[in-house]
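Values in this document were obtained by computation on a predicted structure and should not be read as measured data. Residue numbers start from 1 in every chain, and the chains themselves are labelled A, B, ... in the order their sequence lines are given, proteins ahead of strands.
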Protein chains: 2
Amino acid sequence: MPYDPSAFPPFAVTVDLVVLTVRRHALCALAVRRGEAPFQGRWALPGGFVRADEDLAQAAARELAEETGMRAHDPAVPVQDNGAHLEQLATYGDPKRDPRMRVVSVAHLALAPDLPAPRAGGDASNARWAPVEELLEQGGYGRNGEPVAPLAFDHAQILSDGVERARSKIEYSSLATAFCPPEFTVGELRRVYEAVWGVALDPRNFHRKVTGTPGFLVPTGGTTTRQGGRPAQLFRAGGATLLNPPMLRPEV
Amino acid sequence: MPYDPSAFPPFAVTVDLVVLTVRRHALCALAVRRGEAPFQGRWALPGGFVRADEDLAQAAARELAEETGMRAHDPAVPVQDNGAHLEQLATYGDPKRDPRMRVVSVAHLALAPDLPAPRAGGDASNARWAPVEELLEQGGYGRNGEPVAPLAFDHAQILSDGVERARSKIEYSSLATAFCPPEFTVGELRRVYEAVWGVALDPRNFHRKVTGTPGFLVPTGGTTTRQGGRPAQLFRAGGATLLNPPMLRPEV
DNA sequence: AGTGTTTATCGTCAAGCAGACGACTATGAT
DNA sequence: ATCATAGTCGTCTGCTTGACGATAAACACT
């Protein structure tokens, strides 16, 4: 039977990005201001159409580079350079999620170390890192007291799913190192966990856990005092990607 | 700016299903025989086009019902009736994954109790439950000695991802009960874990673990001897969906 | 009726890990 | 010199797990 174009409805396919980082002890996501209708002027997740000859992961990596200048990391290589971790999150395809047409969005999750200010087409006022609670609270008020409109489309749901994925994934994988610069201290890694989970962790037990897990951290030999206090050993991410037993997220 | 249809390439969007069950102590997946090119006559995962007015989850539930007669389970309700657990797995969009056209497939994972023989358009020879190792081994031979061609398209990858999702998810959730009938014994649940993980578990430690986890199992009061031996208590799935601490998968 | 087989269920023990927390160390700031 | 800050090493206790002995209740034989 020959291929019949009328047998299926045409869709637009986009990738949307949940780009997370830790800034000033808070879990932040990249948001861009929409320049066009619908939701003109509202904050949204970065994203765009998948091109005709492009894989989904390629499209996500391209959008990530366009918005942040980061290169996505090859998943086969351990996270240790300036590249961000990038993975598929979920796909959103409600028929009414875009009022213009039928759009299916393949959301991706990117984890990045703290970066310089974002750029969106070179216009800094149209892109920012915002704490995820600020982006997710409906009808709240921002840091400057101005009212904050909810994210465009179903992006609040996507962001929420991405944050939940990140929260659970750092439990049983070494992914938290993706939030850190190439060399980091145990305390910096602990502050990542504390920011992502929104809890305080015991520095002594955390230190025992991460240094005692084989393959998680590799000492570089150097030390730093950039956090103040006693100099701390510097580490790089080890080859291990799975944490067994996992890092336990405190209750409540 | 008005909507410009030339701004994005059109895609076909499908849902493909990884339907898993446990039959005769083996993890099995539903496969259907393709009636048309490409890959005519080869085994594939069930699936089909998403309709113009349909959500992705709706499309997956519809395909599941068409292929198996099962109703998908509302995720908000605990798994305890004949409905299958259904969740989104991942999305596959390589430009060359379908030689005819650009198709993005949103794969879903369904877990079902052992069911009567499947139906595919009423023709039993075109649908079957096959052990997942049989479907995944490339160029192997089936139970009857006939050569087995690999699954169509990228369905071996999708099936592999679905199996891996199921294997990891029963560790930390009560999802293994989705493979069981509404009432089941601890031994039957244990055989589910053994089939999905491909390991042998200690019956005494398993019993202690599952009966000691609050909210996992609810005794119905009845007993059964359908497995032979001493009568076993019957249970239903409790309300708990997360297992904490998780069920540990043995090493190696 | 007795014996063996099968499956279910309860108990014991030791090893490992996590949470709570004391103690000490090495920096910079005042 | 003293203090504040952060890092690192230990100790103790309780919980969970893995290994495995023992008992219980059914069925299938002889």
Which of C:dA26, C:dG19, C:dA8 is nearest the side chain of A:Arg230? It is C:dA26
Within residues 206-217 of chain B, the residues having a heavy atom closer than 4.0 Å to DNA chain C are B:His207, B:Arg208
Does B:Ser174 reach the main-chain N or O of B:Ala240 with its side chain, forming a donor-acceptor pair under 3.5 Å?
yes
From the list D:dT17, C:dA8, D:dG10, which nucleotide is the closest neighbour of the side chain of B:Thr185?
C:dA8
Let me spell it out: for each of B:Pro245 and A:Ala232, pick the nucleotide of DNA chain D with the closest heavy atom. Which residue's pick is nearer the 5' end?
A:Ala232
Nearest-Å distance, CG (A:Asp202) to P (D:dC9)?
14 Å
Just how far, in rounded Å, is C1' of D:dT8 from CG of A:Leu234?
15 Å
Min side-chain heavy-atom separation B:Val18-B:Leu45 under 4.5 Å:
yes
Between B:Asp114 and B:Arg23, which heavy-atom pair has the shortest distance, and what is it?
OD1-NE, 2.9 Å
Output yes when A:Arg249 and A:Glu164 qualify as a salt bridge under the 4.0 Å nitrogen-oxygen rule, no when they do not.
yes
Taking the side chain from A:Thr223 and the backbone from A:Pro231, do they hold a donor-acceptor pair closer than 3.5 Å?
no
Kindly indicate, with the supporting measurements, whether the criterion side-chain contact (heavy atoms from CB on, under 4.5 Å) is fulfilled by A:Phe235 and A:Val218.
CA-CA 5 Å; A:Phe235 295 86; A:Val218 178; 5.9 Å; no
Applying a 4.0 Å non-hydrogen cut-off, can you work out what B:Arg226 is touching in the nucleic acid: base, sugar-phosphate, or nothing?
nothing
Does C:dA8 have OP1 or OP2 under 4.0 Å away from a side-chain N or O of B:Arg191?
yes
It should be established whether B:Arg204 places a side-chain nitrogen or oxygen under 4.0 Å from OP1 or OP2 of nucleotide D:dT17.
no
Nearest whole angstrom, please: distance from the C1' of D:dT17 to the CD of B:Glu171.
15 Å
Take atom CG of A:Leu248 and atom P of D:dG14, then tell me their distance rounded to the nearest Å.
19 Å
pair B:Val106-A:Thr91: side-chain heavy atoms closer than 4.5 Å
yes
Taking CG from B:Asn205 and C1' from C:dT9, how many angstroms apart are they, rounded to a whole number?
12 Å
Nearest-angstrom distance from the residue atom CD of A:Gln227 to C1' of D:dT8
16 Å
Rounded to whole Å, please give me the gap between CZ in B:Arg249 and C1' in D:dT16.
19 Å
Rounded to the nearest Å, what distance is computed from the CG atom of residue A:Leu189 to the C1' atom of nucleotide D:dA6?
15 Å
